[in-house]
Every structure is written in structure tokens, then in C-alpha cells.
Peer 1: 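Pasting a structure below so you can have a look.
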There are 2 protein chains.
Amino acid sequence: MTAANGRAADAARNDTVAAVVRQWQTVHPGLDTGPMEIIGRVNRCAALLQQAEDAPLRRAGLSRPEFDLLGALRRTGHELTPGDLARETFSSGAAVTKRLKQLTERGLVERRGDTRDRRVAHVRLTDAGRELVDGILPEQLAYETAVLSVLAPEARDELATRLGELLARLEGSLGVLRA
Amino acid sequence: MTAANGRAADAARNDTVAAVVRQWQTVHPGLDTGPMEIIGRVNRCAALLQQAEDAPLRRAGLSRPEFDLLGALRRTGHELTPGDLARETFSSGAAVTKRLKQLTERGLVERRGDTRDRRVAHVRLTDAGRELVDGILPEQLAYETAVLSVLAPEARDELATRLGELLARLEGSLGVLRA
DNA sequence: AACAGGTGTTTTACCAGTAAACGATCTGAC
DNA sequence: GTCAGATCGTTTACTGGTAAAACACCTGTT
């Protein structure tokens, strides 16, 4: 084992999840707590990161789900239907309807009806919406970079790769809904 | 690079987050999208895992936050106050109050007032509560093991270690509230 | 003993999400 | 053409969370 791996393993023994796992082991010795060390940590990291991470967004008066929606429109570069947006942001259609209502009122997105199929709507960013996204994104990424700077670059790469592997396999095995 | 690392990197290029990152790169070339590859994946993994993972809990009529609360009581092995439970489960006091109300009605926990300080309550598992937790936990862990079996054992270990490292450092830098 | 300030818990008012029902529209079989 | 069934989006009713206020009680100071 390398010195870097040793330090990583060291740190990993000192998080709250490790403490929880130790408690379970004293109560149910021999229990296979392996999954907790991944799932518990993923959940906890997600919670901590979201809490920390959304600071630059809040300044712009956006929630993360709202930003995700605007971001989907920005990065695809074309109009999307509410259904597309639901798939793209992994949220329910009803949630998208609500968000679109608010974002439309704030003048960040516009909608027009489809000419052929009158059930479907097409949503696009307004100029203000696009400027907002382009203004926030670099700030947001810089902020995230700062938060993640607690890890050494190689640790970041390795983590990103492993998470990507897990995610790709989960999305494969749990059924991908990608359009 | 080893063959295993090659495959991991391969898989990592095929998840939805990688696709999103590629879209951003075409719209904003040169943008440092590094943080997305970790934060985006953590969030998405958390969402997918929670959705999948909670199947055994639902059968028992418990939500994950409810199970976390019962689990905290079980693994510490002694009574906890509502405040302790809030810290232990990383949720707000108000949320704990609501959950306790329901769990008490279902006969899974009991409460008694402190004799000295009448502001504080002490919560403990009933026999039924303890049996429920002990019955569910192995099922839950087995299920989680199955979900995570998409990763090779070494990949799991490495991921757990890296996540632990990140979590430990985040908890350190963002301020730990542990009692 | 009385009170200011702090702490533990609950209550209140509110907000965002979901599942399921719904209305509107399209499509293909007949 | 028309009708059954699918699809798109919204609405409805409800749930569970939060922040802030409220409440009850404790503690140390005077």
C-alpha cells in the first residue's frame, strides 16, 4: 500500500459513517456492514455537498432543481418539451410543470405551443435566462472546485472514475430511461 | 494503467453525467467541469440508490428517515433525547418531532420525561420496534449488497475508501456538529 | 426570590415534491 | 369517419420537510 492510500484509508476511518458502522458491529457482531460504507457515505456526501454547494445559487435566487432545469436548456442548446425536461432533470412531470410556471413568471424561460401536436409545448431560455445561467455557472463551478480541494487531484480523479463506474452500471442494471 | 482501471474509466465515460459534461463542453469549451464529475455523480448515485434501496423498507411500511431514527436507537443501545436523534440522523428537530409522533402511534418507540429536567424527553425502542429493526436490517443489507454487486470487490473497497476520505474531510472543513 | 438569558422541544405557517386522476389531443385499426 | 387506447401536460389532494416563533423549563446573577 502506498503512503497516499494509507492516508486515505486513515481519513476514511474517521468519518461519521465509520462511527455508525462501528456501533452496529458492537450490537450485531459479524453483520456484513460493507454496503453501508458506500451507500451511507454517498447519501451523506450528497447531503453535505448540496448544503454547501448551493450557496452561489441562492445568491441568484435559484434552487438547485431550478438551476438544473435552466442548465438542461442551456447545454442542449435547443428547445425542450416539459417531458424532455423531466427526463433530463430526473424529476416528475408535475414538478417540472410547477418549476416552469415560476421560471416563466420570472422571465427566465418562454414557451410556445407545437404547431402540429397541440398537446406539447416547447420551452426555451429567454435572453435573461441564458445570461443568468452563463453568469452563475463559472461561479458555481469555482465554488465546487474549492469545496473539493480537500482531496488531492489524484484522489479526485480516482473518485470520479469509480463513481462513474458505479453510476454507469446502476443506470444500466436499474433500467435507463434516457430518451 | 491496469486492465481493471481501463474498464472502470470506460464505464465512467458512459454514464449520464459524462453525457451532460460533454454537452457543456460543446457549449462552453474549456470550462472546468471537473467538479461535476464528482458532485453530479454523487447526487445521481444517491438518488438512484435511494430509489432502489428502499424497497425492503417500504415492505415494512417505513421510510428511510424513519428507519434511520429507529436504527440510531438500536445501534447506540440506549435511550436518546429528540435532540440527540436530530443530531444522529442529521435532520431538524421539527422533523424528528413529527417522526416520533408517528412512530409512537405505531408502537415502535416509547417516551418518558426526564425526572430532573422536565424539558427533555427520553426515547427508546419498544420490543416491537427492536424486533422490527433487527428483522429488517439483514434484509436491507443483503439487498444493498446485491445492488452494489455491479462493482468488483476491489472497486467497492476503493470507492468506500475514497468516499470516506471525502466525507471525513468535508465533515472536518464544513464543521462537524457531533455531540 | 426574581429575572435575564439559554436550552430542549413543539407548534405554526408554509413550500416543494409526489401519485393519481384528469382533460386534451393524437394515432392507428376498423 | 370514428372510436379505443396511448401520450402529453396539468391539476388535485396529500405528505413530509423547513424556518421561525412559541413554549416550557433550567441556570446563574444579583
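Here is the naming used below: chain letters follow the sequence lines, and residue numbers restart at 1 for every chain.
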Peer 1: Any ion pair linking A/R119 and A/D117 (charged N to carboxylate O, less than 4.0 Å)?
Peer 2: yes

Peer 1: With a 4.0 Å heavy-atom cut-off, tell me which residues in residues 109-125 of chain A come close to DNA chain D, sorted by residue number.
Peer 2: A/R111, A/R119, A/V120, A/A121

Peer 1: Tell me: CG of B/L85 to C1' of C/dT9, nearest whole Å?
Peer 2: 12 Å

Peer 1: Over how many whole Å does the gap from B/R64 atom CZ to C/dT18 atom P extend?
Peer 2: 18 Å

Peer 1: Would you indicate which nucleotide in D/dT18, D/dG9, C/dT9 comes nearest to any side-chain atom of A/T81?
Peer 2: D/dG9

Peer 1: Please indicate whether A/Q51 has more than 12 foreign heavy atoms, meaning atoms of other residues, nucleotides or ligands, lying under 6.0 Å from its CD.
Peer 2: no

Peer 1: Round to a whole Å and report the spacing from CD of A/E66 to P of C/dC15.
Peer 2: 13 Å

Peer 1: Rounded to the Å, how far apart are B/L62 CG and D/dG16 C1'?
Peer 2: 15 Å

Peer 1: Looking at A/E158 and B/R162, does any basic side-chain N land under 4.0 Å from a carboxylate oxygen?
Peer 2: yes

Peer 1: May I have the distance from B/D84 (atom CG) to C/dG8 (atom C1'), rounded to whole angstrom?
Peer 2: 10 Å

Peer 1: Do A/R74 and A/E131 meet the salt-bridge criterion of a basic N to acidic O distance under 4.0 Å?
Peer 2: no

Peer 1: Taking only Lys NZ, Arg NE, NH1 and NH2, and the carboxylate oxygens of Asp or Glu, determine whether B/R156 and A/E165 approach each other closer than 4.0 Å.
Peer 2: no

Peer 1: For A/L69 and D/dG9, give me the distance from atom CG to atom C1', rounded to whole Å.
Peer 2: 14 Å

Peer 1: So with a 6.0 Å cut-off around CZ of A/R106, is the heavy-atom count from everything else above 12?
Peer 2: yes

Peer 1: Below 4.0 angstrom, which residues in residues 71-78 of chain A have at least one non-hydrogen atom near DNA chain C?
Peer 2: none

Peer 1: Consider the side chain of A/Q102, meaning its heavy atoms from C-beta on, and name the nucleotide among C/dA16, C/dG17, C/dT18 that approaches it most closely.
Peer 2: C/dA16

Peer 1: Using atom CD of B/Q50 as one end and atom C1' of C/dG17 as the other, report the distance to the nearest whole Å.
Peer 2: 14 Å

Peer 1: Could you work out which one of D/dT11, D/dG17, C/dT9 sits closest to the side chain of A/T97?
Peer 2: D/dT11

Peer 1: Just wondering, more than 12 heavy atoms not from B/R112 lying within 6.0 Å of its CZ?
Peer 2: yes

Peer 1: What is the distance, to the nearest angstrom, from the CG atom on A/L80 to the P atom on D/dC8?
Peer 2: 14 Å

Peer 1: From the set C/dA19, D/dG17, D/dG16, return the single nucleotide nearest to any side-chain atom of B/A95.
Peer 2: D/dG17

Peer 1: Are any of the side-chain nitrogens in A/D68 or A/R64 under 4.0 Å away from the carboxylate oxygens of its partner?
Peer 2: yes

Peer 1: Would one find a side-chain N or O of B/S92 under 4.0 angstrom from OP1 or OP2 of D/dT18?
Peer 2: yes

Peer 1: For B/G93, answer base if it contacts any base atom (sugar-phosphate contacts may also be present), sugar-phosphate if it contacts only those atoms, and nothing otherwise; contact means non-hydrogen atoms under 4.0 Å.
Peer 2: base

Peer 1: Do NZ/NE/NH1/NH2 and the carboxylate oxygens of A/E66 and A/R99 come within less than 4.0 Å?
Peer 2: no

Peer 1: Of the nucleotides D/dG17, C/dT11, C/dT18, which one has an atom closest to the side chain of A/K98?
Peer 2: C/dT18

Peer 1: Could you tell me whether the side chain of A/E110 and the main chain of A/T104 form a donor-acceptor pair under 3.5 Å?
Peer 2: no

Peer 1: If you only use heavy atoms from C-beta on, which nucleotide in D/dG17, C/dT18, C/dT9 is closest to the side chain of B/P82?
Peer 2: C/dT9

